[in-house]
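Below is one structure, written out as structure tokens; the observations come after it.
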Amino acid sequence: MNDWQRKSPLDWETYVNKMVKVAAIEKHEYEGWVLTVDPVSASIVLATFLENEKVSISIVLGHAVQEVEILKEGDDEMKQRLSCIFAPEESKAYSPEELEKRKNNLKTWLETNHIPVTEQGESGRTLCVAGVLTIDPPYGPEECSSSNEIILSRVQGLIQGYLEKQG
């Protein structure tokens with residue numbers, strides 16, 4: 001086990017949203033913005049911005065990492081760019097105010113139809129239905145998630161009908 005693998009998730013978190021240079025085995029070097037570090041394998045997920053708004057993602061396996069050097073801190077704009085890399089296309093089309101409005105409208109509609117719903121997550125962005133289904137921004141049927149297929153299918157159908165009436 002190398003020094004990088006011995007670090008704790010809290011140590012790795014200090015590298016997130018920073019431009020780093022990673023020295024790996026066999027004299028390989030990688031540069032990029034740290035999106036995340038896998039807490040199990042210690043693998044580093046790096047993003048590099050190319051022209052045409054394209055993004056290259058590289059993964060440096062934890063066991064291969066020899067040294068990580070921070071080259072630059074990410075500013076708020078860079079943190080925003082990094083956080084959007086894996087966001088679904090649909091959610092990029094909405095401002096935070098529009099997402100808040102969509103969430104509140106859907107929550108009110110669910111409550112009006114006697115469906116128990118709560119907000120969860122640190123920013124309250126995720127809606128939770130009956131404690132068994134979650135709905136993430138932008139609050140459409142595709143953003144529903146549940147291990148119960150029957151509930152998932154029913155709630156997706158309800159939301160689809162609700163959105164068609166809105167549109």
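Everything quoted here is computed from the prediction, not taken from an experiment.
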Do [X] and [Y] sit in one hydrophobic cluster, given that two such residues count as connected whenever their side-chain heavy atoms are within less than 4.5 Å of each other, even indirectly?
X     : Y     : answer
Ile59 : Val20 : no
Val60 : Val37 : yes
Ile44 : Phe49 : no

Kindly compute the distance separating [atom1] ([X]) from [atom2] ([Y]), expressed to the nearest 0.5 Å.
X      : Y      : atom1 : atom2 : value
Lys107 : Ile135 : NZ    : CD1   : 11.5 Å
Ser58  : Glu31  : OG    : CD    : 11.0 Å
Leu127 : Tyr139 : CG    : OH    : 5.5 Å
Gln160 : Leu158 : CD    : CG    : 11.0 Å
Lys101 : Leu106 : NZ    : CG    : 13.5 Å
Leu61  : Gln5   : CG    : CD    : 10.0 Å

Can you check whether [Y]'s main-chain N or O pairs, donor with acceptor, with [X]'s side chain at less than 3.5 Å?
X      : Y      : result
Glu143 : Gly140 : yes
Asn104 : Leu99  : no
Lys18  : Thr14  : yes
Trp4   : Ala42  : yes
Lys103 : Gly124 : yes

Restricting to side-chain contact (heavy atoms from CB on, under 4.5 Å), what partner residues turn up for [X], sequence neighbours left out?
X     : answer
Ile25 : Ala64, Gln66
Ala47 : Leu35, Val55, Ile57, Leu82, Ile85
Lys27 : none

Work out which heavy atom in [X] is nearest to a heavy atom in [Y]; give both atom names and the distance.
X      : Y      : result
Thr36  : Val16  : CA-CG2, 4.2 Å
Leu50  : Ser56  : CD1-CB, 3.9 Å
Pro138 : Arg102 : O-NE, 2.7 Å

Exercise. Sequence neighbours excluded, which residues qualify as salt bridge (charged side-chain N to carboxylate O under 4.0 Å, His left out) partners of Glu67?
Worked result: none

Donor-acceptor pairs under 3.5 angstrom involving side-chain atoms of residues 72-81: please list them, not counting sequence neighbours.
unit_1	atom_1	unit_2	atom_2	d
Asp75	OD1	Glu77	N	3.4
Asp75	OD1	Met78	N	2.8

Problem set entry | side-chain hydrogen bond (donor to acceptor under 3.5 Å, both in side chains) partners of Asp136, counting only residues at least two apart |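 Here the qualifying residues are Thr126.
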
Please output the side-chain donor-acceptor pairs of residues 144-156 that fall under 3.5 Å, not counting sequence neighbours, one pair per line with the distance.
unit_1	atom_1	unit_2	atom_2	d
Ser146	OG	Val132	O	2.7
Ser146	OG	Asn148	N	3.1
Asn148	OD1	Ile150	N	3.0
Asn148	OD1	Ile151	N	3.1
Gln156	NE2	Pro141	O	2.9

Seminar exercise, completed: Sequence neighbours excluded, the answer for ring-ring contact (aromatic ring centres under 6.0 Å, His included) partners of Tyr30 is none

Exercise. Does any pair with a residue in residues 5-15 pass salt bridge (charged side-chain N to carboxylate O under 4.0 Å, His left out), and if so which ones, sequence neighbours excluded?
Worked result: Asp3-Arg6

Exercise. Tell me, which pairs form a ring-ring contact (aromatic ring centres under 6.0 Å, His included) where one or both residues lie in residues 147-167, sequence neighbours left out?
Worked result: Trp109-Tyr162

For this session: Could you list all the ring-ring contact (aromatic ring centres under 6.0 Å, His included) pairs where at least one residue sits in residues 59-79, not counting sequence neighbours?
Result: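 Non-adjacent pairs meeting ring-ring contact (aromatic ring centres under 6.0 Å, His included): zero.
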
Problem set entry | Steps toward side-chain contact (heavy atoms from CB on, under 4.5 Å) verdict (Val34, Val45) | CA-CA 6 Å; Val34 178; Val45 181; over 6 Å; no

For this session: Please step through side-chain contact (heavy atoms from CB on, under 4.5 Å) for the pair Leu163 and Lys165, ending with a clear verdict.
Result: CA-CA 5 Å; Leu163 290 173; Lys165 285 187 185 117; over 6 Å; no

Problem set entry | Residues Val68, Tyr15; criterion side-chain contact (heavy atoms from CB on, under 4.5 Å); working and verdict | CA-CA 9 Å; Val68 181; Tyr15 290 86; 3.6 Å; yes

Exercise. Side chains of Ile70 and Met19: closer than 4.5 Å at any heavy-atom pair?
Worked result: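 A side-chain contact under 4.5 Å is absent here.
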
For this session: Can you tell me which residue pairs pass the side-chain hydrogen bond (donor to acceptor under 3.5 Å, both in side chains) test with a partner in residues 38-49, sequence neighbours excluded?
Result: Asp38-Ser41, Ser41-Ser43

